[in-house]
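Each remark here refers to the structure printed beneath this line.
The figures here come from the full heavy-atom set of this structure, side chains too, leaving out hydrogens, waters and symmetry mates.
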Amino acid sequence: MTTRVIIVDDQAMVRAGFAALLAAQSDIDVVGDAPDGVQGVALSRRTHPDVVLMDVRMPEMDGLEAARQLLDPPAGVVHRPKVLMLTTFDVDDYVYEALRAGASGFLLKDAPPADLISAVRVVAAGEALLAPSVTRRLIADFARQRPAPRKDRASLRLNGLTPRETEVLELIARGLSNQEIAETLVLAEQTVKTHIGRVLAKLELRDRAQAVIFAYESGLVSPGVN
């Protein structure tokens, strides 16, 4: 099955480079590109891509607002693509807000080509992309800028988790991959996947990205504490 992709970025060279790289893959079809959020949303509405590569900072409409419009469309619009944010380390909490809006994750613009290709495939498959090395640095930074944890309702939801599920959620928030969680807890990787599925279901979270945010906002994990 071919994954349909559009690229939304205000730098023409970035769009061209990403398009050439992705189009060379037999399972990825680049169906268009746009230089800003306004045109990106319109293009997505026309072409119905599976994945939108979305830059954070652009003229006319930034990637955050564009992601919101794509992921929470008006009545009558049924298509909701997966959104993968493109960013750099100097971005503030735009990416954090994009994850809250429903983006499937983020990727550094200077990531190796193989990481970009893999990211598109991961997101298209319905998984959240939170690369451990990026998660540890960025999510913690974003969380430091947030208000005090909302421990009331969130704590009640946490109480519904088993001790093992709580451990798994904490390790997800600290940026560990499924394999690393399995090694840490001495479990089979498939067992870890099962626990993650139960955590998401019990907490009514859409994906791994929302799980990370919930862990910080509930106070389960504190920024900067390893």
Side-chain angles (χ1 to χ4, degrees), residues 1-73 77 79-135 138-139 142 206-210 212:
M1 183 176 178
T2 301
T3 297
R4 294 165 57 82
V5 177
I6 67 171
I7 302 164
V8 185
D9 192 293
D10 62 340
Q11 298 181 48
M13 290 184 65
V14 170
R15 297 198 306 274
F18 284 1
L21 176 65
L22 295 173
Q25 311 307 308
S26 61
D27 60 335
I28 298 175
D29 185 12
V30 178
V31 296
D33 64 80
D36 59 60
V38 172
Q39 295 184 55
V41 170
L43 178 63
S44 179
R45 299 273 198 260
R46 293 196 308 271
T47 60
H48 292 183
D50 300 300
V51 177
V52 176
L53 290 178
M54 182 78 73
D55 189 20
V56 172
R57 295 179 178 177
M58 294 180 291
E60 302 300 328
M61 179 191 294
D62 65 26
L64 175 58
E65 179 58 28
R68 286 189 182 126
Q69 292 194 18
L70 291 177
L71 297 167
D72 187 19
V77 176
H79 178 254
R80 298 185 186 187
K82 302 293 193 303
V83 176
L84 178 60
M85 305 302 295
L86 299 171
T87 185
T88 55
F89 272 135
D90 63 352
V91 172
D92 48 25
D93 62 352
Y94 274 100
V95 175
Y96 180 92
E97 294 299 338
L99 293 175
R100 288 184 59 109
S104 293
F106 50 86
L107 185 73
L108 296 177
K109 280 190 174 183
D110 60 357
D115 286 2
L116 173 63
I117 296 167
S118 174
V120 169
R121 290 171 176 157
V122 166
V123 169
E127 299 294 328
L129 182 77
L130 287 174
S133 61
V134 178
T135 304
L138 288 182
I139 292 293
F142 301 151
R206 180 175 45 250
D207 54 32
R208 197 184 189 98
Q210 286 198 333
V212 171

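- Listed for the Asp29 side chain is no donor-acceptor partner under 3.5 Å among the backbone atoms of Val31.
- Ser104 approaches Val123 most closely through the heavy-atom pair CB-CG1, 3.7 Å.
- Among pairs with a residue in residues 30-42, those fulfilling side-chain hydrogen bond (donor to acceptor under 3.5 Å, both in side chains) read Arg15-Asp33, Asp36-Gln39, at least two apart in sequence or across chains.
- Looking at every heavy atom in both residues, Pro81 comes nearest to Pro49 through CB-O, 3.4 Å.
- To the nearest 0.5 angstrom, Arg68 atom CZ is 11.0 Å from Met61 atom CE.
- Looking at heavy atoms from C-beta onward, Pro35 lies out of side-chain contact with Glu60 at the 4.5 angstrom threshold.
- Counting all heavy atoms, side chain and backbone alike, Leu84 lies closest to Val120 at CD2-N, 4.4 Å.
- Pairs passing the ring-ring contact (aromatic ring centres under 6.0 Å, His included) check and including a residue from residues 39-66, sequence neighbours excluded, read His48-His79.
- Judged by distance alone, with hydrogens and angles left aside, the side-chain atoms of Arg4 form a donor-acceptor pair with the main-chain N or O of Thr47 at under 3.5 Å.
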What's the verdict on side-chain contact (heavy atoms from CB on, under 4.5 Å) for Asp27 and Thr2, showing C-alpha distance, side-chain angles and the deciding distance?
CA-CA 5 Å; Asp27 60 335; Thr2 301; 5.7 Å; no
Before giving the answer on side-chain contact (heavy atoms from CB on, under 4.5 Å), spell out for Arg121 and Thr3 the whole-Å C-alpha distance, their side-chain angles and the decisive distance to 0.1 Å.
CA-CA 8 Å; Arg121 290 171 176 157; Thr3 297; 5.8 Å; no
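- The shortest distance between side-chain heavy atoms of Leu107 and Leu116 falls below 4.5 Å.
- By the 4.5 Å heavy-atom criterion applied to side chains, Leu53 and Leu22 are counted as neighbours.
- Minimum interatomic distance between Asp9 and Lys109 (heavy atoms only, all atoms of both residues): OD2-NZ, 2.9 Å.
- Side-chain contact between Lys82 and Asp50 is absent, with no heavy atoms from C-beta onward closer than 4.5 Å.
- Once rounded to the nearest 0.5 Å, the distance linking CE of Met54 with OG of Ser44 reads 7.5 Å.
- In this structure, the separation between CZ on Phe18 and CE on Met13 is 11.5 Å, given to the nearest 0.5 Å.
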Take Leu86 and Phe106, measure what side-chain contact (heavy atoms from CB on, under 4.5 Å) needs, and give me the verdict at the end.
CA-CA 6 Å; Leu86 299 171; Phe106 50 86; over 6 Å; no
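- Across every non-hydrogen atom of Gly102 and Leu71, the tightest pair is C-CD1, 3.3 Å.
- The minimum heavy-atom distance linking Met85 with Asp55 is given by the pair CE-O, 4.1 Å.
- Here the CG-CD distance, from Leu70 to Glu65, works out to 10.0 Å after rounding to the nearest 0.5 Å.
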